[in-house]
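Everything numeric in this text was worked out from a predicted model, so none of it was measured.
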Amino acid sequence: EAKKRSKNPIKYEYFNIDEKEVFKNKKYYIRTYGCQMNVHDSEEIKALLEKVGFNNLKIAFLFMLMCGIFFILGRNILPPFFTKKEDIEVIKLASKLMIIAALFQLSDGIQVTALGCLRGIQDVKIPSILTFIAYWVITIPLGYYLCFVLKMGAFGMWIALEIGLTISSILLVFRFK
């Protein structure tokens, strides 16, 4: 039953709907104004949350795409700003890593936005497990393998990070669906 927090007609309701219902065992905090909600209203809210969430993912993708393009175009210009000009080897390495960092931007933007959307609908346990698997179970061992076994050095770790972020973003987007 809704609890009034003040003398105004706003009711605060907390739904914990089981799997057979609309939200697939997700919890939602919904504010209603002077009326009772029914299943139809809940379906409309779910559709609205999905639409807003996917629009946010599209915006994040486009923005991170622009950032990635900036990284690629600036790969020879940006590194000297962060190191001494006489550190030629560091500048060369950073310039090459900027290409991987450009790809990194897309996956990172999608996964952080999907994670925020899930957090917004109070879905935090499963996404925490998914990101744990993507980073600790996949990325770190893969990074070790690429860095030390295949002797790829910094490239190996950045490739592993990109793969881990991509896996995380895919899993989180599917979770949000």
Open item on the list: In terms of relative ring orientation, are F148 and Y144 parallel, tilted or perpendicular, with 30° and 60° separating the classes?
Closed with: tilted
[X] side, atom [atom1]; [Y] side, atom [atom2] - distance, nearest 0.5 Å:
X	Y	atom1	atom2	value
N56	K58	CG	NZ	10.5 Å
T139	L165	OG1	CG	7.0 Å
L161	D108	CG	CG	10.0 Å
T113	L118	OG1	CG	11.0 Å
S169	L106	OG	CG	9.0 Å
L142	C147	CG	SG	9.0 Å

For the residue pair [X] and [Y], what are the closest heavy atoms and their distance?
X	Y	result
L172	Q111	CD1-O, 3.6 Å
V112	G109	CG1-O, 3.5 Å
L146	A160	CD1-N, 4.1 Å
S107	E162	OG-OE2, 3.0 Å
A134	G164	CB-O, 3.7 Å
F176	C117	CE1-CB, 3.6 Å

Give the cluster check for [X] versus [Y]: same hydrophobic cluster or not, with ILVMFWY residues linked at side-chain heavy-atom distances below 4.5 Å.
X	Y	answer
L130	I170	no
M66	I99	no
I59	I69	no
L103	F61	no
L97	M157	yes

Task: T166 vs I163 side-chain heavy atoms within contact, under 4.5 Å - done: no
Open item on the list: In the structure I gave you, are the side-chain heavy atoms of I140 and Y135 within less than 4.5 Å of one another anywhere?
Closed with: no
Open item on the list: So does S128 get a backbone contact from the side chain of T131, meaning a donor-acceptor N/O pair under 3.5 Å?
Closed with: yes
Task: I110/L57 under side-chain contact (heavy atoms from CB on, under 4.5 Å): CA gap, chis, key distance, verdict - done: CA-CA 6 Å; I110 292 170; L57 287 169; 4.2 Å; yes
Just list the side-chain donor-acceptor pairs under 3.5 Å for residues 70-86, sequence neighbours left out, or say none.
| residue | atom | partner | partner atom | Å |
| --- | --- | --- | --- | --- |
| R75 | NH1 | I72 | O | 2.9 |
| T83 | OG1 | D87 | OD2 | 3.2 |

